[in-house]
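Everything quoted here is computed from the prediction, not taken from an experiment.
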Amino acid sequence: MHPNVVARFVSLSLLLSAVAFAVSPETEEKIDNTLQKVLKPVAVATDFAVRTSEAVSERWEGRSPRVREIFDVNIPGALEKYRLTVNFEPKIGDLVKRRYVRFPIELRYGLNNRTEVYGGLTPFSPNPFHKDRSSWGLGFFTQGLRYNVLPIGRKLGFDEITVGAEARIPVGNPPVRLIDQYTHIKPYVTTARYLDSLRHTTLFLSASYDFAQKWENTIPPGIVERDTLEVGPSLLYKPSEWGAFGQVAFRHFTEPDRTLLGSISRLGGIWDIPEERSTKWGLKGNWRVEMALEVETEDGKSADFGVATRVRWNFDLK
C-alpha cells in the first residue's frame with residue numbers, strides 16, 4: 001500500500017478525533033465560528049431550499065434520518081408512508097480526483113410503510129482546481145423503487161430484507177467516467193441482521209446485477225458494454241452520532257468477449273452531525289460525513305488505493 005495514502009488517511013482520522021474529543025470549549029467555539037464563515041455559501045443554499053420547501057409543503061422536519069446508504073451500498077428499509085425527503089450528496093472527493101464535481105440530488109417518497117419510490121439527477125460542474133476543466137451538464141437521471149419484504153426476511157433469519165431496482169439514464173453527453181453513455185438497469189437485494197452478541201452492530205449482505213443497455217444514445221469509441229454482478233457483506237457499528245463500518249464487495253464483470261473479476265473494500269467512519277452543531281454552522285437539515293480508506297481491484301489492473309469522502313444532506317418536505 002502506498003505510504004502517502006495511509007499517511008493521509010491516518011492524518012484525517014486523527015484530525016477528526018481531535019476535533020471531536022480533545023478540544024477545549026473555547027477552541028470548539030472558535031472552530032464553530034470559523035466553519036460558520038467558511039460554510040456561509042452552503043448555508044445560504046440550504047436555507048433557500050428549506051424555505052422553498054416550507055412554501056410548498058407548509059413545514060419541514062429535522063428528524064434524523066436512518067442510515068440509508070454507506071457509500072454505494074444500499075441499506076434495507078423504506079420511508080414511512082407519505083414521507084417525502086430531499087437528499088443531496090456533493091462529491092467532495094471529486095475536487096482532488098476528477099475534472100468535474102458531481103452534485104447528486106434526489107427526491108424520495110414513501111407510498112406506504114414498506115414501499116418507496118425515488119428519482120433524481122446527478123449534475124456536474126467544472127472542477128475549479130483542475131486545469132483541464134470539463135463543461136457543465138445534467139449528468140444522468142436516476143429512478144428507482146424499493147420494497148421491504150419484512151415477513152419473508154424474518155422467516156429467513158434476517159431482521160430486514162429490501163428488494164429494489166433502479167435505472168440510470170445519461171442526459172446529454174456527460175463524461176465517460178461519470179456514466180459510460182449506456183443506460184443501466186440494476187435490480188438488487190439487501191439484508192440486515194442486528195447482532196445480539198455485539199451491541200449497536202449490524203451485518204448487511206447485498207447483491208446486485210447492473211445491466212448495461214444501449215438505447216438511442218451514441219456510445220463513444222472504445223467504451224465496451226459491461227454488466228456487473230456485485231455481492232458482499234458490510235458491517236456497521238453505530239452506538240451514537242459516531243460510527244465505524246467495513247465493506248467488501250466481490251465483482252464479476254461480463255463484456256462481449258471476456259469476463260473479469262474484481263473487488264472493492266472500504267474501512268472507515270461515519271458521523272451524523274448533531275443538529276445543534278450544524279445549527280451553529282448555519283446549516284439546516286440533517287448532515288452526515290463518511291470517510292474511508294478504499295481499495296479497488298480488477299483483473300489486469302494494479303490495485304487502486306485511496307481515501308474516499310462523502311457528505312450527505314437530508315431534510316423532509318412532508
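No side-chain heavy atom of V289 sits less than 4.5 Å from a side-chain heavy atom of I270. Here the side chains of E294 and I264 are in contact, with some heavy-atom distance below 4.5 Å. In this structure, the side chains of P174 and F124 come closer than 4.5 Å at one or more pairs of heavy atoms. Two residues are said to be in side-chain contact when any heavy atoms from C-beta on lie closer than 4.5 Å; L79 and T85 meet this criterion. Between I169 and V171, the closest side-chain pair of non-hydrogen atoms is not below 4.5 Å. Side-chain contact between F204 and T202 is present, with heavy atoms from C-beta onward closer than 4.5 Å.
Shortest non-hydrogen contact noted between V101 and N127 is CG2-CA, 4.1 Å. Closest approach of F158 to T191, counting heavy atoms only: CE2-OG1, 3.4 Å. The two residues I185 and A167 make their nearest non-hydrogen contact at CD1-CB, 3.7 Å. Considering all non-hydrogen atoms of both residues, F141 and G120 come closest at CD1-O, 3.1 Å. Here the closest heavy-atom approach between residue V307 and residue M291 is recorded as CG1-CG, 4.1 Å. Of all heavy-atom pairs spanning Y182 and P170, the tightest one is O-CD, 3.6 Å.
Taking the six-membered ring for Trp and thresholds of 30 and 60 degrees, Y237 and H200 have ring planes more than 60 degrees apart, a perpendicular arrangement.
Atoms OG1 and CZ, from T297 and F250 in turn, are 9.0 Å apart once rounded to the nearest 0.5 Å. Put simply, CG on L229 and OG1 on T254 are 8.0 Å apart, with the number rounded to the nearest 0.5 Å. Taking CZ of F305 as the reference point, atom OG of S265 lies at 9.5 Å (rounded to 0.5 Å). With rounding to the nearest 0.5 Å, the separation of CG in N112 from OH in Y82 is 8.5 Å. With rounding to the nearest 0.5 Å, the separation of CZ in F245 from CD1 in I75 is 10.0 Å. Going from atom CD of E298 over to atom CG of L260 covers 5.5 Å, rounded to the nearest 0.5 Å.
Remark: E160 does not engage R114 in a salt bridge, criterion side-chain N to carboxylate O under 4.0 Å. Between R168 and D210 there is a salt bridge, since a side-chain N of the basic residue sits under 4.0 Å from a carboxylate O of the acidic one.
Tracing side-chain contacts under 4.5 Å through hydrophobic residues (I, L, V, M, F, W, Y), one never reaches F211 starting from Y188; they form parts of separate clusters. Criterion: ILVMFWY side-chain heavy atoms under 4.5 Å apart, direct or through other members. Under it, V224 and I179 are not part of a common hydrophobic cluster. Under the 4.5 Å side-chain heavy-atom criterion for grouping Ile, Leu, Val, Met, Phe, Trp and Tyr, F88 is not connected to L121 through any hydrophobic cluster. In this structure, L203 is not a member of the same hydrophobic cluster as L236, with clusters built from ILVMFWY side-chain heavy atoms closer than 4.5 Å. The cluster map of Ile, Leu, Val, Met, Phe, Trp and Tyr, joined by side-chain heavy atoms under 4.5 Å apart, puts V86 and L84 in the same cluster.
Side-chain atoms of W313 and E89 include no donor-acceptor pair closer than 3.5 Å. For the 3.5 Å distance criterion, the side chains of T162 and T190 fail to qualify, holding no donor opposite an acceptor. A side-chain donor-acceptor contact under 3.5 Å links Y118 and E166. Side-chain contact check for E230 and Y209: no donor-acceptor pair (N or O, by modelled atom type) lies under 3.5 Å.
With E290 as the fixed residue, the salt bridge (Lys or Arg N to Asp or Glu O under 4.0 Å) test singles out one of R312, R310, K238, K91: R312.
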Checklist entry - When you look at H252 and T228, which way does the side-chain contact (heavy atoms from CB on, under 4.5 Å) test go after all the steps? => result CA-CA 6 Å; H252 182 277; T228 304; over 6 Å; no

Checklist entry - Would R99 and R177 count as a side-chain contact (heavy atoms from CB on, under 4.5 Å) if you check the C-alpha gap in whole Å, the side-chain angles of each, and the deciding distance to 0.1 Å? => result CA-CA 10 Å; R99 295 184 297 113; R177 286 192 64 189; over 6 Å; no

Next on the checklist: Please evaluate residues L178 and Y100 with respect to the criterion side-chain contact (heavy atoms from CB on, under 4.5 Å), reporting the C-alpha separation (whole Å), side-chain torsions for both, the decisive distance (0.1 Å), and the verdict.
Outcome noted: CA-CA 9 Å; L178 178 60; Y100 53 85; 3.7 Å; yes

Next on the checklist: For F140 and T142: C-alpha separation, side-chain torsions, deciding distance, then whether side-chain contact (heavy atoms from CB on, under 4.5 Å) applies.
Outcome noted: CA-CA 7 Å; F140 59 86; T142 303; 3.4 Å; yes

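Summarising the local packing, CZ of R193 is surrounded by 12 or fewer heavy atoms from other residues, nucleotides or ligands at distances under 6.0 Å.
The backbone N or O of G77 lies less than 3.5 Å from a partner atom in the side chain of R146, making a donor-acceptor pair. Side-chain atoms of N113 come within 3.5 Å of backbone atoms of K81 as a donor-acceptor pair (strictly under, hydrogens ignored). Judged by distance alone, with hydrogens and angles left aside, the side-chain atoms of T201 form a donor-acceptor pair with the main-chain N or O of R199 at under 3.5 Å.
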